[in-house]
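Have a look at the structure below, then the notes.
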Amino acid sequence: MNIKALRLFRQIVIQGSLSAAAQSLHISQPAASRLISQLEAEVRIALFHRSRRRLLLTEEGERFFREAEHIVSGLDEIPRIAADIRTRRAQRFRVITAARIGQGLVAPALVRMRRHHPDMEIQVDVYSRTQLEKQLGVGIYDLGVISLPVAHSLLEIVARPLVMVRAEALMAADHPLAARAEISAGDLASQPMLGLGRGQVWRDHIDNFLQAGGVEARHAVQSSSSLLACQMARDGAGVAVLDRLCAPSIDMTGAVMRPLTPERWVSFGYVHTERDGLSPAARLFVDCMREAVADIRQRSPEDRASIRPIDATPDDSAQS
């Protein structure tokens, strides 16, 4: 496949026009137009609607971009990877994660890691759940932090649990259910639920909880961002489900959390490629995450009861 044509396609989508994309890649507009036509012929997909004024992505073109974008953007990493190998740069650490657990756990763990190695170059990439699982198969990272289990990837990966969290209903402080100590599926039967779309792991946990309680799982608002849903619940639009490890990801002013009953626990962990194993930096970061979990549990009795660390395996310990 013509890599230059793929790069051009990506730039057209990002910059919004063929001429701007051609200029950024230092090729003529007629040559750029030919490259796109060749790419469409090769993939047998009409990527753009063509008009006199501009190019617009077709539905198939949009899907192709979403699926291929992370692969094409990863090509830009190749010069940096080669430079690192040439210079044998050891003080570089890359972690990939999702927004919720990234803000709740990864960020405080990175603060600790920086104290140990202030000169280390750290890269943090934040993806949606779907994008993150695709990145796990690419393998250009030291560690991934994600809720478990994870989907099968192109590469053999090792997934290790780190912490368990209890799912809780999040709502405005003046919500009628806020007076309850625990929230059952029956309590939620008549409430507008806010959360992720179907097929997302966290959404599956919620649907399974409701269905086990004899409640049909319906969401008034579905979003690709669980944080957005939680913000809406905080502001009185309904009820969302979150956990106390990830709660710092949003401003909880005016919101309360009540644990679900019967208890519903979800695990978060870290993943790495089986081939590469854990680097010394990754081992250190795992220890930093464990320290962060311990500190988070000290915030309140509720945090301590709803966040449970999982004992380390022999492979988890940092090398001296």
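Quick caveat: nothing in here was measured; it's all calculated off a predicted structure. Basis for what follows: all heavy atoms, side chains included, without hydrogens, waters or symmetry-related copies. One is the number of the first residue; the rest follow in order along the sequence.
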Starting from the C-alpha separation in whole Å, work towards a yes-or-no answer on salt bridge (Lys or Arg N to Asp or Glu O under 4.0 Å) for Asp204 and Arg198.
CA-CA 7 Å; Asp204 289 343; Arg198 293 187 181 277; over 6 Å; no
Cluster check Val286, Val158: I/L/V/M/F/W/Y, side chain < 4.5 angstrom: no
- prompt: Under 4.5 Å between any side-chain heavy atoms of His116 and Phe285, yes or no?
  reply: no
The reported gap from CG in Leu105 to CZ in Arg290 (rounded to nearest 0.5 angstrom) is 10.5 Å
Side chains of Val163 and Arg308, heavy atoms from C-beta outward: is any pair under 4.5 Å? no
Taken to the nearest 0.5 Å, the spacing of Leu284 CG from Met113 CE works out to 4.5 Å
Quick one: do Ile307 and Leu260 end up in the same hydrophobic cluster if we chain Ile, Leu, Val, Met, Phe, Trp and Tyr together by side-chain heavy atoms under 4.5 Å apart? yes
Q | Whether over 12 other heavy atoms sit under 6.0 Å from Gln298 CD | A | yes
**Item:** Asp243 side chain vs Arg166 backbone, donor-acceptor pair below 3.5 Å
**Value:** no
**Report entry** Intermediate values then yes/no, side chain to side chain contact (heavy atoms under 4.5 Å, CB included), Leu143 and Leu278
**Finding:** CA-CA 8 Å; Leu143 207 66; Leu278 278 180; 3.4 Å; yes
| query | Distance only, no hydrogens: is a donor on one side chain within 3.5 Å (strictly under) of an acceptor on the other, for Arg100 and Ser226? | reply | yes
Hydrophobic clustering (ILVMFWY, side-chain heavy atoms < 4.5 Å, transitive) - are Leu35 and Phe65 grouped together? yes
* To do: Establish, yes or no, whether the cationic atom of Arg129 lies under 6.0 Å from the six-membered ring centre of Trp202 and within 45° of the ring axis.
  => no
* Asked: Do the two ring centres, one from Tyr141 and one from Phe93, sit under 6.0 Å apart?
  -> no
* Sub-4.5 Å side-chain heavy-atom contact between Gln103 and Cys246 -> no
**Prompt:** Are Leu170 and Met232 connected, step by step, through hydrophobic side chains (Ile, Leu, Val, Met, Phe, Trp, Tyr) whose heavy atoms are closer than 4.5 Å?
**Reply:** no
Legend entry - Residues Arg66 and Glu62 bridged, charged N to O under 4.0 Å: yes
Neighbour count above 12 (heavy atom, 6.0 Å) for Arg299 CZ
yes
Self-check item: Flag side-chain contact, heavy atom, 4.5 Å: Arg203 against His219
Solution: yes
Nearest heavy-atom contact between Pro108 and Ala292 is CB-CB, 4.3 Å
The reported gap from CD1 in Ile12 to OG in Ser17 (rounded to nearest 0.5 angstrom) is 8.0 Å
Does His175 reach the side chain of Gln191, with side-chain heavy atoms less than 4.5 Å apart? yes
Practice problem: For the residue pair Asp142 and Val95, establish whether any side-chain heavy-atom pair is separated by less than 4.5 Å. | Solution: no
Would you call Glu121 and Arg92 a salt bridge, taking side-chain N to carboxylate O under 4.0 Å as the test?
-> yes
When every non-hydrogen atom of Arg258 is compared with those of Leu177, the smallest separation belongs to CG-O, 4.5 Å
Under 3.5 Å: donor-acceptor pair, side chain of Arg234, backbone of Asp251:
yes
Item to complete: Using the six-membered ring wherever Trp is involved, compare the ring planes of Phe9 and Phe48 and label them parallel, tilted or perpendicular (cut-offs 30° and 60°).
Response: perpendicular
So does Pro192 get a backbone contact from the side chain of Arg218, meaning a donor-acceptor N/O pair under 3.5 Å? no
On a heavy-atom basis, the closest approach of Val239 and Ala169 is CG1-CB, 3.9 Å
Value for OG (Ser249) from CG (Leu242), rounded to nearest 0.5 Å, stands at 7.0 Å
- Is a side-chain N or O of Ser306 found less than 3.5 angstrom from the main chain of Glu302, in a donor-acceptor match? yes
*asked:* Pair Ile310, Leu162 - check side chain to side chain contact (heavy atoms under 4.5 Å, CB included), show working.
replied: CA-CA 5 Å; Ile310 297 173; Leu162 181 73; 6.0 Å; no
- request: Give a yes or no on whether the backbone of Leu47 and the side-chain of Glu40 come within a donor-acceptor separation of less than 3.5 Å.
  value: yes
Correct closest heavy-atom pair for Val293 and Pro309 would be CG1-CB, 4.2 Å
* To do: Report the C-alpha distance between Leu245 and Ile296 in whole Å, list the side-chain angles of each, state the deciding distance to 0.1 Å, and finish with yes or no for side chain to side chain contact (heavy atoms under 4.5 Å, CB included).
  => CA-CA 7 Å; Leu245 186 62; Ile296 291 168; 3.6 Å; yes
Is the backbone of His205 close enough, under 3.5 Å, to the side chain of Asn208 for a donor and an acceptor to pair up by distance?
no
Nearest heavy-atom contact between Gln29 and Ser19 is OE1-CB, 3.3 Å
- Query: Given side chains that start at C-beta, do those of Ile157 and His272 come closer than 4.5 Å, heavy atoms only?
  - Reply: no
Separation between OG1 (Thr97) and CG (Asp125), nearest 0.5 Å, reads 10.5 Å
Phe64 vs Val43, test: side chain to side chain contact (heavy atoms under 4.5 Å, CB included). Steps then yes/no. CA-CA 10 Å; Phe64 181 76; Val43 299; 4.1 Å; yes
Subject >> Any side-chain heavy-atom pair of Val266 and Met164 under 4.5 Å >> reply: no
Open item on the list: Between Thr261 and Glu263 (side chain of the first, backbone of the second, donor and acceptor by atom type, cut-off under 3.5 Å), is there such a pair?
Closed with: no
Margin query: Counting neighbours of CD on Gln23 that are heavy atoms of other residues, nucleotides or ligands and sit closer than 6.0 Å, is the number greater than 12?
Written below: no
So CD1 of Ile183 and CG of Leu188: to nearest 0.5 Å the spacing works out to 6.5 Å
Looking only at heavy atoms, the pair that brings Ala217 and Asp207 closest together is CB-OD1, 3.3 Å
Notebook entry, point to check: Is there a path of hydrophobic side-chain contacts, each under 4.5 Å between heavy atoms of I, L, V, M, F, W or Y residues, that connects Met171 with Phe209?
Noted result: yes
